[in-house]
Peer 1: 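Shown below is the structure under consideration.
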Amino acid sequence: MSAGRREAALYLKRPEENSWPFRMVSQGSSPSLLEALSSDFLACKICLEQLRVPKTLPCLHTYCQDCLGQLAEGSHVRCPECRESVPVPPTGVAAFKSNFFVNGLLDLVKARAGGDLRAGKPACALCPLMGGASAGGPATARCLDCADDLCQACADGHRCTRQTHSHRVVDLVGYRAGWYDEEARERQAAQCPQHPGESLRFLCQPCSQLLCRECRLDPHLDHPCLPLAEAVRARRPGLEELLAGVDSNLAELEATRLEEKEALARLREQAAKVGTQVEEAAEGVLRALLAQKQEVLGQLRAHVEAAEEAARERLGELESREQVAREAAAFARRVLSLGREAEILSLEGAIAQRLQQLQRCPWMPGSAPCLLPRLELHPGLLDQKCHLLRLSFEEQQPRKASGKDGARSQGGDETQPQSRDGAPTPKQDGAQTPQEDGAQTLKAERAETPQEDGAKTPKEGRAQTPQEDGGAQSPRGGRSNKKRKFKGRLKSISREPSPAPGPNLEGSGLLPRPVFFCSFPTRMPGDKRSPRITGLCPFGSREILVADEQNRALKRFSLNGDYTGAVPVPEGCSPCSVAALQDAVAFSAGARLYLIRPNGEVQWRRALSLCQASHAVAAMPSGDRVAVSVSGHVEVYNMEGSLATRFIPGGKASRGLRALVFLTTSPQGNFVGSDWQQNSLVVCDGLGQVIGEYRGPGLHGCQPGSVSVDKKGYIFLTLREVNKVVILDPKGSLLGDFLTAYHGLEKPRVTTMVDGRYLVVSLSNGTIHVFRVRPPDS
């Protein structure tokens with residue numbers, strides 16, 4: 001082999017670092033082509049496969065010709081992506097424009113994937129034409145101009161002939177690796193669909209049609225035509241101008257979209273603030289009304305007691321006089337009826353004197369005035385047109401640029417009254433609204449009423465409001481350590497005053513209130529991942545069991561946050577929901593229900609339905625049975641693993657209409673579940689009879705989350721999207737909010753009740769908060 005051919009062979013085997021394709025790949029000068037070839041740009045959005053005979057709709061979306069034919073409905077076809085209705089040409093979907101751009105990319109992909117160099121080695125395309133081996137030698141190079149695979153000998157000859165010496169011959173391995181995509185793309189010519197083998201070279205100006213040499217000689221002979229390069233140069237500025245206009249419109253649309261999102265966010269934020277104000281005002285009015293009720297009832301009780309005391313004194317005197325007169329009259333009557341003449345005459349004087357004495361004495365004591373109570377109601381309470389709470393709406397002002405002026409324009413006047421969270425309340429002609437009045441009354445009562453002291457920590461001397469807690473913050477220099485942040489978070493939670501409870505519909509006056517107890521993280525030194533708490537349950541005395549699905553562990557913690565060990569789980573199990581029974585632990589993992597001993601010994605396992613992603617587990621109050629939600633119904637198993645009962649909440653009429661994602665039991669033996677299919681909280685007895693169901697506006701449009709029940713039957717429902725835990729009565733009627741973001745809730749996941757009076761709440765970050773449920777009568 002000559003020296004020139006050896007150098008050419010070496011050039012074909014390994015591209016030099018200063019060669020153009022190597023620079024392209026190393027510097028990333030053509031990311032758009034690589035993205036188009038590697039992404040789903042060449043996939044049909046209908047059949048999800050590589051495009052075949054691609055046709056482009058007027059909306060510039062491209063699909064397979066056969067897919068468009070199946071999608072066509074009469075004379076129109078609706079684009080699956082933008083939903084635009086496009087008329088079908090009279091000759092069918094084949095008359096839609098052919099996408100030569102996509103065809104070129106498809107040809108390049110097909111050429112690159114023409115075979116596996118290690119399995120079926122491609123053969124040389126020129127060897128059979130030159131009388132060589134029938135199948136040709138193994139190809140090692142490719143001509144980008146001829147689009148042929150060449151062996152080493154044919155590649156050397158291809159570069160040395162007069163007609164093909166200017167062709168670009170590259171290494172086949174590098175070509176398959178995509179090093180020469182740009183060069184291949186530049187040398188690629190669009191083929192005429194009417195004349196195979198002919199490339200498109202001209203543009204007919206009157207017809208706006210691409211032509212090859214044969215097409216130009218037939219019907220377009222007299223039409224003015226331009227070469228493709230010249231036509232592109234003439235038409236590119238117009239397309240670029242249109243594209244610039246669309247880019248400008250896109251920028252405006254994006255800005256408008258962001259403004260709409262900001263307006264919606266401001267609306268939600270203001271609605272949340274106004275909702276808090278409404279709750280505070282209503283609670284303040286309710287507290288004032290309850291205080292007036294106690295005062296009026298006290299006055300009524302005192303009046304009745306005084307009247308009863310006076311009446312008792314008068315009744316005693318009357319009874320004494322009545323007895324004396326009755327005895328004297330009986331004696332006289334007995335003497336007159338039974339005595340003899342001498343006896344009557346001997347006693348006449350004494351009897352007459354006594355009877356005259358009794359006649360002269362007043363029979364009735366001085367009558368005391370009897371004052372009858374009567375209730376007088378304020379005229380406003382009887383006026384149906386009197387609204388203590390009223391909404392007013394004002395147009396949103398666009399949010400200005402960031403800065404002090406923008407912040408001042410958003411915050412309003414500095415002297416404007418503020419709500420609990422520091423946000424200014426809307427002014428109404430300078431008059432104080434009922435919401436503001438109720439909120440002020442509520443704050444004053446919180447500071448003065450001894451019952452509210454439970455919301456403070458023992459070290460505090462007064463109730464600190466959120467404005468005081470976060471009003472003056474010292475600037476932080478650099479990063480503070482995690483422990484310091486965690487302690488600060490606990491401090492903010494413990495110093496937070498609890499929101500005032502709403503009215504208790506059962507008549508006891510107030511709702512249970514939360515009192516912060518403690519907070520602790522659940523990540524242990526041996527954990528490889530961040531905890532993902534999917535289940536909680538009480539475990540023994542003042543202890544909880546935590547199901548960490550991410551780390552495949554059942555962790556034990558005391559209520560104070562001390563880690564006390566773990567319950568071993570079978571290999572490969574990721575516990576989801578968990579419940580503690582008598583000397584056993586039941587948990588669900590995947591589509592199985594397990595019952596294990598505290599030492600990890602498996603008692604039994606049961607296969608569950610695969611049509612539900614997760615199965616909620618709850619222990620019965622007796623502690624000898626476990627309930628699990630399976631595909632809309634509830635199954636109850638005993639300690640031996642036998643199915644004790646099975647029912648559908650609501651009976652057979654609700655078959656297929658329930659999806660209980662969370663489940664718990666009450667001390668009264670009822671079942672409480674979160675139904676995601678009906679988007680409701682359902683309460684039913686042990687036979688499946690629905691006692692109550694709530695799907696009202698108190699859910700805030702959220703899917704009901706984890707549920708827990710205290711010893712009195714109150715239901716605590718988690719609403720993760722709005723960072724709340726609401727409270728319902730034993731029959732499922734909403735009573736009000738129990739925990740909110742003011743108590744440090746941030747994406748709460750699952751809850752449980754320990755000893756009937758400690759509510760344990762786990763957050764998405766693996767932190768656990770413990771609150772003591774304070775009874776309303778304490």
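Numbering starts at 1 and runs along the sequence shown.
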Peer 1: Has the side chain of Ser629 got a donor or acceptor atom that lies under 3.5 Å from a matching backbone atom of Ala616?
Peer 2: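 It does hold such a pair.
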
Peer 1: Any non-hydrogen side-chain atom of Thr751 less than 4.5 Å from a side-chain atom of Leu536?
Peer 2: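 SC-SC contact between Thr751 and Leu536 ruled out.
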
Peer 1: Output yes when a side-chain donor or acceptor of Gln703 lies under 3.5 Å from a complementary backbone atom of Asn679, and no otherwise.
Peer 2: no

Peer 1: Minimum heavy-atom separation for Leu657 and Gln678, please, with both atom names.
Peer 2: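 Shortest heavy-atom contact: O-NE2, 2.9 Å.
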
Peer 1: Does Arg257 have more than 12 heavy atoms from other residues, nucleotides or ligands lying within 6.0 Å of its CZ?
Peer 2: yes

Peer 1: Would you call Arg287 and Glu283 a salt bridge, taking side-chain N to carboxylate O under 4.0 Å as the test?
Peer 2: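 Not counted as a salt bridge, because no side-chain N and carboxylate O are separated by less than 4.0 Å.
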
Peer 1: Less than 4.5 Å apart, any side-chain heavy atom of Leu608 and any of Val628?
Peer 2: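 With C-beta onward as the side chain, the pair touches.
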
Peer 1: Answer yes or no: is there a side-chain heavy-atom contact under 4.5 Å between Arg646 and Val636?
Peer 2: no

Peer 1: What's the spacing between Thr522 OG1 and Ile533 CD1 if we round to 0.5 Å?
Peer 2: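 Thr522 OG1 to Ile533 CD1: 3.5 Å, rounded to 0.5 Å.
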
Peer 1: Where do Ser558 and Thr564 land on the side chain to side chain donor-acceptor pair (under 3.5 Å) test, with the steps shown first?
Peer 2: CA-CA 7 Å; Ser558 67; Thr564 59; over 6 Å; no

Peer 1: Among side-chain atoms of Ser530 and Arg523, is any donor-acceptor pair under 3.5 angstrom?
Peer 2: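 A donor-acceptor contact under 3.5 Å links the two side chains.
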
Peer 1: Does a side chain donor of either Arg658 or His633 reach within less than 3.5 Å of an acceptor in the other side chain?
Peer 2: no

Peer 1: Distance only, no hydrogens: is a donor on one side chain within 3.5 Å (strictly under) of an acceptor on the other, for Arg749 and Thr718?
Peer 2: no

Peer 1: Look at the side chain of Asn551 and the backbone N and O of Ala553, then say whether any donor-acceptor pair between them is shorter than 3.5 Å.
Peer 2: no

Peer 1: Indicate yes or no for a side-chain donor-acceptor contact from Ser762 to the backbone of Val750 under 3.5 Å, with no hydrogens or angles considered.
Peer 2: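 Yes.
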
Peer 1: Can you give each donor-acceptor pair under 3.5 Å made by side-chain atoms of residues 567-587, sequence neighbours left out, with the distance rounded to 0.1 Å?
Peer 2:
unit_1	atom_1	unit_2	atom_2	d
Ser574	OG	Arg552	NE	3.1
Ser577	OG	Val617	N	2.9
Ser577	OG	Val617	O	3.4
Gln582	NE2	Ser622	O	3.1

Peer 1: Do you know the tightest heavy-atom contact between Met639 and Leu595?
Peer 2: O-CD2, 3.6 Å

Peer 1: Count the heavy atoms of every other residue, nucleotide or ligand shown that sit under 6.0 Å from CZ of Arg597, and state whether that count exceeds 12.
Peer 2: yes

Peer 1: Is the backbone N or O of Glu601 less than 3.5 Å from a side-chain atom of Asn599, with the two atoms forming a donor-acceptor pair by type?
Peer 2: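 Indeed, once roles are kept as given, a pair shorter than 3.5 Å links the two residues.
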
Peer 1: Within the supplied structure, the quantity of interest is the number of heavy atoms (other residues, nucleotides, ligands) at a distance under 6.0 Å from Gln668 CD; does it exceed 12?
Peer 2: yes

Peer 1: Measure from the side-chain N and O atoms of Asp527 to the backbone N and O of Met524, and report whether any donor-acceptor pair falls under 3.5 Å.
Peer 2: yes

Peer 1: Which heavy-atom pair separates Ser708 from Leu759 by the least distance, and what is that distance?
Peer 2: CB-CD1, 4.1 Å

Peer 1: Contact between Arg772 and Pro514 at the side-chain level, heavy atoms closer than 4.5 Å - yes or no?
Peer 2: no

Peer 1: Sub-3.5 Å donor-acceptor pair from the side chain of Asp675 to the main-chain atoms of Ala659, do we have one?
Peer 2: yes

Peer 1: Ignoring hydrogens and geometry, is there a side-chain-to-backbone donor-acceptor pair from Asp685 to Asn670 under 3.5 Å?
Peer 2: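 No, Asp685 side chain to Asn670 backbone: no donor-acceptor pair under 3.5 Å.
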
Peer 1: Passes side chain to side chain contact (heavy atoms under 4.5 Å, CB included), Leu660 versus Ser674? Steps please.
Peer 2: CA-CA 5 Å; Leu660 300 181; Ser674 296; over 6 Å; no

Peer 1: Between atom CZ of Arg52 and atom SG of Cys64, what is the distance when rounded to the nearest 0.5 Å?
Peer 2: 5.0 Å

Peer 1: Would you say that Tyr714 contacts Phe738 through its side chain, given a criterion of any heavy-atom pair below 4.5 Å between the two side chains?
Peer 2: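 Of all side-chain heavy-atom pairs linking Phe738 with Tyr714, none is under 4.5 Å.
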
Peer 1: Report yes if some heavy atom in the side chain of Phe520 is under 4.5 Å from a heavy atom in the side chain of Thr767; otherwise report no.
Peer 2: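 Contact flag for Phe520/Thr767 side chains = no.
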
Peer 1: Taking the side chain as every heavy atom from C-beta outward, state whether His769 and Leu763 have any pair of such atoms under 4.5 Å apart.
Peer 2: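 Touching, per the 4.5 Å side-chain cut-off.
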
Peer 1: Donor-acceptor pair, Asp548 side chain versus Arg532 backbone, under 3.5 Å?
Peer 2: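 It does hold such a pair.
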
Peer 1: Taking the six-membered ring for Trp, are Tyr758 and Phe771 closer than 6.0 Å centroid to centroid?
Peer 2: no

Peer 1: Which atom names give the shortest non-hydrogen contact between Phe671 and Ala627, and what distance separates them?
Peer 2: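 For Phe671 and Ala627, the tightest heavy-atom pair comes out as CE2-CB, 3.7 Å.
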
Peer 1: Which pairs with one or both residues in residues 611-632 pass ring pair (Phe, Tyr, Trp, His ring centres under 6.0 Å), sequence neighbours excluded?
Peer 2: none

Peer 1: Do Phe716 and Val726 have side chains that approach each other closer than 4.5 Å (heavy atoms only, starting at C-beta)?
Peer 2: no

Peer 1: Checking Tyr694 now: which residues fulfil ring pair (Phe, Tyr, Trp, His ring centres under 6.0 Å) with it, not counting sequence neighbours?
Peer 2: none

Peer 1: Which value, rounded to the nearest 0.5 Å, describes the distance between Leu719 atom CG and Asp737 atom CG?
Peer 2: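 Reported to 0.5 Å precision, the distance equals 8.5 Å.
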
Peer 1: Can a side-chain donor-acceptor contact be found between Glu746 and Ser764 if the only test is distance below 3.5 angstrom?
Peer 2: no

Peer 1: Checking Trp676 side chain against Pro704 main chain: does a donor-acceptor pair fall under 3.5 Å?
Peer 2: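 Here the side-chain-to-backbone pair exists.
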
